[in-house]
Amino acid sequence: LYETLTAALSTEWEGWSWIFAIISLSIFLVILVLALLTVALLPKPVRVISEAIGENTFKVVLCGLLGLVLIFPLALLLTISVVGIALIPLEVIIVACSIILGFISVGQLIGRRALRLLKRPNPGMIRETFWGLIILWIIGWIPYIGWMVKAVAIVVGLGATLITRFGTHQGWKCTPPAPVAGDAGSSDPII
């Protein structure tokens, strides 16, 4: 045990890589347990967020980028006022929850599509989320592009969470307004 700890804490990169691998695995297991609990207890918000990602990806990505850009200016504005300083921890909690919920929804969407490719009939949201997060974790270990894939998943998930207001609103659906009853047969020009 002493030799392992000494090798892990030495200046060699191999020792540090094992520490990073253990930390990464621990964080992944915490996120996986949190995701499975979230999907089991709150399936509707996760479903609404993943539907938003699948149906309007461009709008979700733009909203995610805008949300990331506005995190720090909002914190800076909150520090200007006395009341705002007390709201900074609330902003941090809201951002963290929206990123985690969005990441879980991205994992659920990836799992659903992967299981659909494998011809699994109706696997259930918990199984979809489990396999989707496993796939994201494995992709995250690919050198040079793994961290980019996770960053894109975080941006997309944040955008979908913001658009759907934490999965409570289907705001990404752009339905045209219903025609007014008196305008349906009218062909008179408006003067």
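Because the structure is predicted, anything quoted here is derived from the model rather than measured. For reference, positions follow the sequence shown, starting with 1.
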(request) Grab the two heavy atoms, one from Leu162 and one from Gly67, that are nearest each other, plus how far apart they are. (result) CD1-CA, 4.0 Å

(request) First locate atom CD1 of Ile110, then atom CG of Leu136, and finally report the distance between them rounded to the nearest 0.5 Å. (result) 4.0 Å

(request) Measure across Met125 and Pro43 and return the closest heavy-atom pair with its distance rounded to 0.1 Å. (result) CE-O, 3.4 Å

(request) Could you grab the distance from atom CG of Leu158 to atom CZ of Phe103, nearest 0.5 Å is fine? (result) 13.0 Å

(request) With the side chain counted from C-beta on, respond yes when Leu34 and Ile100 share a heavy-atom pair under 4.5 Å apart, and no when they do not. (result) yes

(request) Please tell me if the side chains of Trp137 and Leu32 come closer than 4.5 Å, counting only heavy atoms from C-beta onward. (result) no

(message) Measuring only between side-chain heavy atoms, which start at C-beta, is Ile142 closer than 4.5 Å to Trp147?
(response) no

(message) Restricting to non-hydrogen atoms, name the atom on Thr129 and the atom on Ala35 that form the minimum distance, rounded to 0.1 Å.
(response) CG2-CB, 4.1 Å

(request) Using the test side chain to side chain donor-acceptor pair (under 3.5 Å), find all partners of Glu128 that sit at least two apart in sequence or belong to another chain. (result) Gln108

(message) Counting C-beta onward and ignoring hydrogens, is there a side-chain heavy-atom pair between Pro45 and Leu42 closer than 4.5 Å?
(response) yes

(message) Taking side chain to side chain donor-acceptor pair (under 3.5 Å) as the cut-off, I'd like each qualifying pair that reaches into residues 113-122, sequence neighbours left out, listed once.
(response) none

(request) List for me each residue that meets side chain to side chain donor-acceptor pair (under 3.5 Å) alongside Ser105, sequence neighbours excluded, and say none if there are none. (result) none

(message) Less than 4.5 Å apart, side chain to side chain, heavy atoms only: is that true for Leu87 and Leu90?
(response) yes

